[in-house]
Amino acid sequence: MRRTISNAMKNNIKHSSTVYADEHHAYDALDSVYNIRRINHSECYSTSESCTNFAEGWFSRLRRSEIGQFHHVAGKYLHAYANEMAFREDYRRKDNGSVLLTLTDRCLKTQTSRDWSGYWQGNKQQGEVMIAA
């Protein structure tokens with residue numbers, strides 16, 4: 001797990017960024033690459049310099065969406081569901097008309113996805129998609 005987290009962070013987060021994390025040991029080796037602010041949840045849930053409540057709240061809403069909206073999330077499609085929930089999170093305070101215009105604009109400007117086209121012709125995702133490939 002340590003290697004998976006380390007690779008995912010190194011491939012997706014700019015070096016010298018500030019990362020907010022809990023006390024999990026997988027983050028120990030990344031202190032030299034990132035400015036890591038840690039929260040030990042057995043002591044407190046936030047300090048004056050760090051808090052993971054936003055991330056934990058987002059994961060909670062992602063899990064609730066699986067139960068209430070999606071009903072099942074297969075591991076190989078988790079990235080797609082997470083991206084949708086991230087979009088919803090980013091636009092949750094916007095009015096419905098603005099969200100519709102943004103979504104329509106993005107759809108019209110995006111090329112055809114290799115992941116989401118040709119399903120009936122045999123183009124199916126194989127196994128889980130890992131962030132740090």
Say you draw a straight line from OG1 of Thr104 to CG of Leu108; how long is it, rounded to the nearest 0.5 Å?
-> 6.5 Å
Identify each donor-acceptor pair in which a side-chain atom of residues 53-65 lies under 3.5 Å from a protein atom, sequence neighbours left out, and give them as a table.
residue, atom, partner, partner atom, Å
Glu56, OE2, His41, NE2, 2.9
Glu56, OE2, Thr52, OG1, 2.9
Ser60, OG, Arg64, NH1, 2.8
Arg61, NE, Glu89, OE1, 3.0
Arg61, NH1, Gly57, O, 3.3
Arg61, NH2, Glu89, OE1, 3.2
Arg61, NH2, Glu89, OE2, 2.7
Ser65, OG, Leu62, O, 2.6

Would you be so kind as to tabulate the donor-acceptor pairs closer than 3.5 Å made by side chains of residues 67-74, with sequence neighbours excluded?
residue, atom, partner, partner atom, Å
Gln69, OE1, Arg88, NH1, 3.0
His71, ND1, Ile67, O, 3.2

Check whether Ile39 and Tyr27 end up in the same hydrophobic cluster, where Ile, Leu, Val, Met, Phe, Trp and Tyr are linked by side-chain heavy atoms less than 4.5 Å apart.
-> no
Does any pair with a residue in residues 93-114 pass ring pair (Phe, Tyr, Trp, His ring centres under 6.0 Å), and if so which ones, sequence neighbours excluded?
-> none
Under 3.5 Å donor-acceptor, Asn11 side chain and Asn7 backbone = yes
Pairs involving residues 13-23, ordered by first then second residue, that meet side-chain hydrogen bond (donor to acceptor under 3.5 Å, both in side chains) (sequence neighbours left out) = Thr18-Asn35
Met9 and Val19, any side-chain heavy atoms less than 4.5 Å apart | yes
Just by modelled atom types, is the Lys94 backbone N or O under 3.5 Å from a matching donor or acceptor in the Ser98 side chain?
-> no
Applying side chain to side chain contact (heavy atoms under 4.5 Å, CB included), run through Glu66 and Leu78 and close with a yes or a no.
-> CA-CA 10 Å; Glu66 179 181 11; Leu78 177 60; over 6 Å; no
Indicate yes or no: at least one non-hydrogen side-chain atom of Lys10 is less than 4.5 angstrom from one of Leu30.
-> yes
May I ask you to check whether over 12 heavy atoms, not counting those of Arg92, lie within 6.0 Å of atom CZ?
-> yes
Residues two or more places apart in sequence or in another chain: which of them pass salt bridge (Lys or Arg N to Asp or Glu O under 4.0 Å) with Asp95?
-> none
Kindly give the cluster partners of Val99, where membership spreads through any ILVMFWY side chain lying under 4.5 Å from a current member.
-> Phe87, Tyr91, Leu103
